[in-house]
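This report refers to the structure that appears directly beneath it.
Only this structure's heavy atoms are used, side chains among them; waters, hydrogens and symmetry mates stay out. Every value quoted in this text rests on a predicted model; they were computed, and no experiment measured them.
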Amino acid sequence: MNWHVYITAKPGAAGNIGGPRMPLNLGTGEHVRARLTELLPSLEFSSDGWGDYDSDDLTISAPVTEADHAPVTTISLFLYGNSGSAALTALRIAEAFNAQVYATWLKEFLTADTAHEAFDSWHAFQKTQRADG
């Protein structure tokens with residue numbers, strides 16, 4: 001099972017494009033894919049924009065399917081692996097984009113103080129779901 005989080009721009013962050021009816025922008029498809037590759041050097045994007053990263057204790061899938069010059073408003077991360085690595089990596093990616101991490105399961109934004117606990121809580125919930133199913 002994966003831990004799904006979103007990277008979204010912080011409201012009012014310098015350099016973000018947005019308005020009352022426009023979501024905030026993290027950059028173009030080309031910029032976002034390049035920046036993610038800088039942050040995760042072994043990340044590889046397929047021709048359809050789906051990025052895959054593998055390390056000893058963490059696997060990430062990151063679809064960035066927007067065209068090169070199209071705005072990216074959200075980066076989805078599907079994280080598999082160690083809670084410490086997953087939480088820290090998600091926060092590091094968000095920081096690089098002057099953004100924040102939204103945990104779908106908790107329906108809240110994560111901080112350095114809450115990220116590990118959030119991952120561990122999600123993981124424990126998934127174990128109970130598998131045991132009940």
Side-chain angles (χ1 to χ4, degrees):
M1 300 298 288
N2 65 60
W3 187 40
H4 185 196
V5 299
Y6 292 108
I7 307 296
T8 63
K10 293 178 184 175
N16 290 321
I17 301 167
R21 297 174 195 253
M22 292 176 55
L24 299 174
N25 183 346
L26 296 169
T28 64
E30 180 178 44
H31 167 78
V32 169
R33 285 186 290 275
R35 187 72 178 118
L36 286 171
T37 303
E38 288 173 13
L39 295 166
L40 305 166
S42 64
L43 177 68
E44 293 185 18
F45 282 97
S46 63
S47 61
D48 64 359
W50 194 272
D52 290 307
Y53 169 83
D54 287 304
S55 72
D56 291 339
D57 62 350
L58 181 64
T59 299
I60 301 173
S61 292
V64 182
T65 58
E66 291 84 354
D68 284 351
H69 299 291
V72 175
T73 58
T74 303
I75 302 169
S76 292
L77 298 178
F78 300 93
L79 302 131
Y80 308 81
N82 176 292
S83 69
S85 294
L88 290 176
T89 300
L91 288 170
R92 187 168 57 99
I93 290 169
E95 184 179 315
F97 285 94
N98 194 24
Q100 54 197 349
V101 179
Y102 183 77
T104 57
W105 182 68
L106 293 174
K107 297 181 175 78
E108 66 183 45
F109 291 99
L110 301 181
T111 66
D113 294 333
T114 64
H116 286 49
E117 182 180 332
F119 182 92
D120 291 342
S121 171
W122 172 85
H123 196 264
F125 173 76
Q126 291 302 313
K127 282 183 179 180
T128 62
Q129 293 301 303
R130 286 192 297 263
D132 291 343

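In the hydrophobic cluster analysis, where Ile, Leu, Val, Met, Phe, Trp and Tyr join through side-chain heavy atoms closer than 4.5 angstrom, Phe109 is grouped apart from Ile75. With hydrophobic clusters built from ILVMFWY side chains whose heavy atoms lie under 4.5 angstrom apart, Tyr102 does not share a cluster with Leu91.
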- Task: Quick one: do Thr74 and Ile7 satisfy side-chain contact (heavy atoms from CB on, under 4.5 Å)? Show the steps, please.
- Result: CA-CA 6 Å; Thr74 303; Ile7 307 296; over 6 Å; no
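Residues Ala94 and Val101 share a closest heavy-atom pair of CB-CG2, 3.5 Å. Across all non-hydrogen atoms, the minimal contact from Leu39 to Ala96 is CD1-CB, 3.5 Å. Minimum heavy-atom separation, Leu43 to Thr37: CD2-N, 4.0 Å. Nearest heavy atom pair, residue Ala9 against residue Leu26, reads N-CD2, 3.7 Å. Heavy-atom minimum distance, His69 versus Glu30: CE1-OE1, 4.0 Å. Of all heavy-atom pairs spanning Ala103 and Val5, the tightest one is CA-CG1, 4.1 Å.
Identified under the salt bridge (Lys or Arg N to Asp or Glu O under 4.0 Å) test for residues 42-51, with sequence neighbours left out: none. Pairs of residues two or more places apart, or lying in two chains, never qualify as salt bridge (Lys or Arg N to Asp or Glu O under 4.0 Å) while including a residue from residues 86-99.
In this structure, Thr28 contributes its side chain and Asp68 its backbone to a donor-acceptor pair below 3.5 Å. Arg35 places no side-chain N or O within 3.5 Å of a backbone atom of Ile93 that could act as its donor or acceptor partner.
To the nearest 0.5 Å, atoms OH (Tyr6) and CG (Leu77) are separated by 10.5 Å. Remark: Tyr53 OH to Leu40 CG distance equals 5.5 Å, nearest 0.5 Å.
For the pair His4/Ser76, a side-chain contact is recorded, criterion being any heavy-atom separation below 4.5 Å from C-beta on.
Aromatic ring pairs are classed by plane angle as parallel below 30°, tilted from 30° to 60° and perpendicular above 60°; the pair Phe97 and His31 is perpendicular.
With sequence neighbours excluded, the residues satisfying side chain to side chain donor-acceptor pair (under 3.5 Å) with Ser61 are Asp52.
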